[in-house]
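To start, the structure under review is shown below, and the notes come after it.
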There are 2 protein chains.
Amino acid sequence: MIQYTDLSQPIYERLKEMIVNDELKPGEKIVQEKIAELLGVSRTPLMKALLTLENEFLVESIPRRGIFVRTPDLKEIIDVYFCREALEGMAARLLAEQHDTSIIKQLKDCFTPFIAKKKINTKAYAKADENFHKLLIKLTGNTPLDKIYFFSNIHDKVIGYGLVRPPEETMEEHFKIINAIATGDSDTAEQYARAHIRKSREILIDQYKKRTSEEL
Amino acid sequence: MIQYTDLSQPIYERLKEMIVNDELKPGEKIVQEKIAELLGVSRTPLMKALLTLENEFLVESIPRRGIFVRTPDLKEIIDVYFCREALEGMAARLLAEQHDTSIIKQLKDCFTPFIAKKKINTKAYAKADENFHKLLIKLTGNTPLDKIYFFSNIHDKVIGYGLVRPPEETMEEHFKIINAIATGDSDTAEQYARAHIRKSREILIDQYKKRTSEEL
DNA sequence: ATATTGCATTTTGTATACAAAATACAATAT
DNA sequence: ATATTGTATTTTGTATACAAAATGCAATAT
């Protein structure tokens with residue numbers, strides 16, 4: 001009756017979903033026995049999944065106390081954006097040096113559904129935006145780079161599928177990056193990729209500052 | 001009789017040591033029961049430690065087949081150096097923006113034992129070099145940055161405590177970075193930090209190419 | 001001699017068991 | 001009423017148990 005593949009994998013996916021959807025609330029303790037029963041598995045593969053989530057900053061383990069859903073604060077979100085600026089900048093540079101037309105095509109394809117559209121579906125665009133940034137990393141073929149980009153998870157969780165800036169604004173920036181990659185101008189590609197993240201980071205900081213002061 | 005802290009932690013440290021020391025050889029399969037017995041623990045905390053090592057690229061799990069000590073190849077080492085260039089460059093920039101004299105002092109202190117020395121102990125300097133680069137990251141206070149810098153482990157494993165370049169050469173570069181941070185010149189600090197990693201990467205590539213061709 | 005099949009052994013992935021630490025809470029003291 | 005202690009309950013960390021997959025190897029076929 002038992003089907004062997006790797007139980008911890010689907011458990012990991014499900015838990016991640018639960019955290020992003022707020023089924024597991026920030027700060028909430030993950031009582032292993034309860035979640036294991038809920039998912040119909042034992043604690044062993046669950047713990048494996050939780051350890052992976054911990055490595056991705058989505059949960060935090062306090063020894064002998066328990067594992068808790070993390071609540072990324074303002075500073076951490078900013079910090080993640082600094083990392084993204086560095087890594088996506090490098091990714092753009094590496095792509096520009098490859099002179100590969102298939103790369104350009106794949107990057108452009110992220111946004112073709114939205115070109116020449118009067119009304120852009122925000123949710124769809126936000127998903128496309130996320131894909132674009134992940135693709136930028138993946139297309140470099142740099143495995144360690146791709147593996148350490150996992151912390152974009154935090155970004156997903158915090159921003160959800162909302163957008164930091166309006167599509168009109170970011171669309172233009174995306175194509176500036178793509179065009180620099182296409183012409184093989186690695187310095188410019190890196191510059192644009194970094195400026196893009198930097199701008200979003202600054203907007204985010206403002207939003208959070210506003211939100212925090214309103215709550216006072 | 002059982003002392004509770006977190007067994008997987010010392011197991012992780014010991015396994016990492018065994019991998020770096022070649023007690024566990026590249027490509028070798030880690031038979032859980034055997035290692036568990038060797039370390040006098042059960043498979044449960046051992047598996048936890050192995051999962052952490054997997055996240056750090058030191059071992060590789062092939063489901064249903066086993067967990068194997070990884071053998072980083074030339075491409076991966078180069079790829080890691082691209083990541084380091086991006087991240088350490090950003091770190092230097094962030095430190096320069098902080099205008100904190102204690103940061104300068106701590107960075108300088110890494111190399112004070114070697115200043116004005118005629119003969120530099122290579123092993124000691126290699127250790128200092130490693131500390132300097134880790135400190136550069138840590139002093140930013142950027143937690144996600146620090147957490148994703150773990151892949152420097154691969155570096156340690158591959159290079160061991162040898163040096164890519166002679167101390168005279170890198171010492172000068174280190175102080176260029178430190179001085180740029182001290183004067184608060186973030187652009188220059190980033191430039192120097194990146195150039196430093198880039199040069200080592202290029203030397204490494206040459207060394208490996210030479211070694212590989214000799215073996216043919 | 002080499003390839004193939006079948007069976008015994010090993011090893012993995014998961015579930016369960018159990019001791020120690022953490023927690024909750026009631027009973028008592030201040 | 002609040003603080004404190006002691007005890008029952010929960011939960012964690014680790015060890016063990018067990019079924020299914022992987023592996024090794026001998027016996028047989030080609």
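Numbers restart at 1 for each chain; the letters A, B, ... are given by sequence-line order, proteins then strands.
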Pick out the pairs of N or O atoms, protein on one side and nucleotides 7-11 of chain C on the other, that lie under 3.5 Å.
none

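- Checked against His196(A) for a side-chain hydrogen bond (donor to acceptor under 3.5 Å, both in side chains), the options His133(A), Arg84(A), Glu85(A) give a single hit: His133(A).
- Take Tyr192(B) and apply the ring pair (Phe, Tyr, Trp, His ring centres under 6.0 Å) test, not counting sequence neighbours, and it matches no residue.
- Between the CG atom of Asp6(B) and the C1' atom of dA22(C) there is a distance of 16 Å, rounded to whole Å.
- Near DNA chain D, meaning a heavy atom under 4.0 Å away, the residues from residues 37-59 of chain A are Arg43(A), Met47(A).
- Applying the side chain to side chain donor-acceptor pair (under 3.5 Å) definition to pairs two or more places apart or across chains, those involving residues 120-132 of chain B are Tyr125(B)-Thr170(B), Tyr125(B)-His174(B), Lys127(B)-Tyr161(B), Asp129(B)-His174(B), Glu130(B)-Lys134(B).
- Pairing analysis of DNA chain C (Watson-Crick: purine N1 to pyrimidine N3 plus N6-O4 or O6-N4; G-U wobble: N1-O2 and O6-N3; both under 3.5 Å) yields stems of 3 or more pairs at C:1-30 with D:1-30.
- Residue pairs meeting the ring pair (Phe, Tyr, Trp, His ring centres under 6.0 Å) criterion with at least one partner in residues 9-56 of chain A, sequence neighbours excluded, are absent.
- Counting only residues at least two apart or on different chains, the side chain to side chain donor-acceptor pair (under 3.5 Å) pairs with a member in residues 93-105 of chain A are Arg93(A)-Asp187(A), Arg93(A)-Glu190(A), Ser102(A)-Gln106(A), Lys105(A)-Asp109(A).
- The ring pair (Phe, Tyr, Trp, His ring centres under 6.0 Å) analysis of residues 38-93 of chain B, with sequence neighbours excluded, yields the pairs Phe57(B)-Phe150(B), Tyr81(B)-His155(B).
- With sequence neighbours excluded, the residues satisfying salt bridge (charged side-chain N to carboxylate O under 4.0 Å, His left out) with Lys48(B) are Asp6(B).
- Residues forming a side-chain contact (heavy atoms from CB on, under 4.5 Å) with Asn21(B) (at least two apart in sequence, or on another chain): Glu17(B), Glu23(B).
- With sequence neighbours excluded, the residues forming a salt bridge (charged side-chain N to carboxylate O under 4.0 Å, His left out) with Glu173(B) are Arg165(B), Lys199(B), listed by chain and number.
- Partners of Pro166(A) under the side-chain contact (heavy atoms from CB on, under 4.5 Å) rule, at least two apart in sequence or in another chain, are Glu168(A), Glu169(A).
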